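Okay, so here's the structure we're looking at.
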Number of protein chains: 2
Amino acid sequence: MTGHATIAESLREEGYRLTPQRMMILAIIYDSEGHLSAEEIHQRVRQQYPFVDISTVYRTLNLLKKLRFITETDLGDECVRYELVDKGRHHHLICRQCGASFALEHELLAPLAPRLLEKYGFAADLDHFAIFGLCQQCRPEGPALAAKKGQQHGDA
Amino acid sequence: MTGHATIAESLREEGYRLTPQRMMILAIIYDSEGHLSAEEIHQRVRQQYPFVDISTVYRTLNLLKKLRFITETDLGDECVRYELVDKGRHHHLICRQCGASFALEHELLAPLAPRLLEKYGFAADLDHFAIFGLCQQCRPEGPALAAKKGQQHGDA
DNA sequence: GAGGTAATTGCAACTTCTTGCACAAATGAC
DNA sequence: GTCATTTGTGCAAGAAGTTGCAATTACCTC
């Protein structure tokens, strides 16, 4: 059984029906390397089933999100993206000035979970965070030691 | 000079104009205790200036957000809320099952910033996080030791 | 205080995502 | 395989937020 079929089977075990639409959306997310937007998923689905509606895509994404098979991450302006949870936990550092995005391995955030559990009894979903800020290039006291202060090399 | 007037002055120093609309929106956010939605802000503004458009509210909120006078936080479904940054940094633990929200003091998250700066040269904006997960009541191995397993006391 | 200029606003159209509803189809029983 | 049940889908309308544009107005200079 291939990867997305495993998730599909779990869906069915939870009492949800396995429709071709759901299978296709799962397969597309599974096969994709990076993060997909709802619109991208919709377009790929339509290459096979041209009559699938965008509302079905959103409803399926919300279901998969609720069951925690996928994560939804807002990677900056106009970019909500979806990805399988178990494709490896990772997070993003996103520069609010230039929009650049950097990967952040899970290890740096991981210690937070046990501390939240211990202190608040709260089991945090640290699946896929997007942390905004300023990258090295855009910090005023950045690499060139404020030589470019006031300049921007882009705008998020 | 009252609090919101200080921010207004900063706005002007940055080259932005002080319009009555902006002053009012600032005053409303400043005077409010909790987190306000765009719609709430719009309604309060209209009590004084009935002709202010919702788009002006959104544009002003986006400007204040860009200048980091306010934070925008998604506190669960259908709830994007705005708050002054310097009213004290705090974060939220939000239960995805029952929707309950718990305050999280900044201290627990604060150590992250220097580590991101050191390791990635990234100056993170750790202003106002919303961390989703399961609260003590909703965890299967929660307070009553799995007695209520399978039950939900609400739905986010 | 008057005038010029460019930022800001209100309006309307638009995009993105959600929801209600009637019909279609996945599942389970026979 | 057929039938009944109940979930899921497509469509269209709606809610939330954004954008283009002409008119307004805050701010600077005189």
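Computed from a predicted model, the values in this text were never measured in an experiment. Letters A, B, ... are given to chains in the order of the sequence lines, protein chains preceding strands, and every chain is numbered from 1.
If you chain together ILVMFWY residues whose side-chain heavy atoms come under 4.5 Å of each other, B/Val85 ends up in a group of its own. Hydrophobic cluster membership for B/Phe51: none, as no Ile, Leu, Val, Met, Phe, Trp or Tyr side chain comes under 4.5 Å of it. Hydrophobic clustering, defined by side-chain heavy atoms of Ile, Leu, Val, Met, Phe, Trp and Tyr closer than 4.5 Å, groups A/Leu112 together with A/Leu93, A/Phe102, A/Leu104, A/Leu108, A/Leu109, A/Leu116, A/Tyr120, A/Phe122, A/Leu126, A/Phe129, A/Ile131, B/Leu93, B/Phe102, B/Leu104, B/Leu108, B/Leu109, B/Leu112, B/Leu116, B/Tyr120, B/Phe122, B/Leu126, B/Phe129, B/Ile131.
Remark: C1' of C/dT16 and CD of A/Glu40 are 15 Å apart, rounded to the nearest angstrom. Per the geometry, CG belonging to B/Leu18 stands 10 Å off P belonging to C/dT8, to the nearest Å. To the nearest angstrom, C1' of D/dT19 lies 16 Å from CG of B/Leu61. Between the C1' atom of D/dT9 and the CE atom of A/Met24 lies a distance of 12 Å, rounded to the nearest Å. Rounded to an integer number of Å, the gap from CD1 of A/Ile41 to C1' of C/dT16 is 15 Å. To the nearest angstrom, C1' of C/dT16 lies 13 Å from CG of A/Asp74. Atom NZ in B/Lys65 sits about 7 Å away from atom P in D/dT18, given to the nearest Å. One atom, CD of A/Glu72, and another, C1' of C/dT16, lie 13 Å apart when rounded to the nearest Å.
For A/Leu63, the side chain to side chain contact (heavy atoms under 4.5 Å, CB included) partners two or more places apart in sequence, or in a different chain, are A/Leu11, A/Tyr16, A/Arg22, A/Leu67. For A/Asp53, the side chain to side chain contact (heavy atoms under 4.5 Å, CB included) partners at least two apart in sequence or on another chain are A/Ser55, A/Thr56. With sequence neighbours excluded, the residues that form a ring-ring contact (aromatic ring centres under 6.0 Å, His included) with A/His90 are A/His35, A/His92, A/His128. Residues satisfying the ring-ring contact (aromatic ring centres under 6.0 Å, His included) criterion with A/His42, sequence neighbours excluded, are absent altogether.
When atom types are taken as modelled, the side chain of A/Glu9 and the backbone of A/Thr6 share no donor-acceptor pair closer than 3.5 angstrom.
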Polar atom pairs between nucleotides 4-7 of chain D and protein, under 3.5 Å, N or O only, would you list them?
unit_1, atom_1, unit_2, atom_2, d
D/dT6, O2, A/Arg17, NH1, 3.0
D/dT6, O2, A/Arg17, NH2, 2.8
D/dT7, O4', A/Arg17, NH1, 3.4
D/dT7, O4', A/Arg17, NH2, 3.2
D/dT7, O2, A/Arg17, NH1, 3.0

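Considering only side-chain N and O atoms, B/Gln21 lies nowhere under 4.0 angstrom from the phosphate OP1 or OP2 of D/dA26. For the OP1/OP2 pair of C/dT8 and a distance below 4.0 Å, the side-chain nitrogens and oxygens of B/Thr19 include no atom meeting the criterion.
Closest to the side chain of B/Asn62, out of C/dG10, D/dT9, D/dT18, is D/dT18.
Residues B/Leu134 and A/Phe69 are members of separate hydrophobic clusters, defined by side-chain heavy-atom contacts under 4.5 angstrom among Ile, Leu, Val, Met, Phe, Trp and Tyr.
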Strictly under 4.0 angstrom, non-hydrogen atoms only: write out the protein contact profile of nucleotides 11-16 of chain D, one letter per nucleotide from the 5' end, B, S or -.
B----S
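Across all strands, A/Ile54 comes closer than 4.0 Å to no nucleic acid atom at all (heavy-atom distances).
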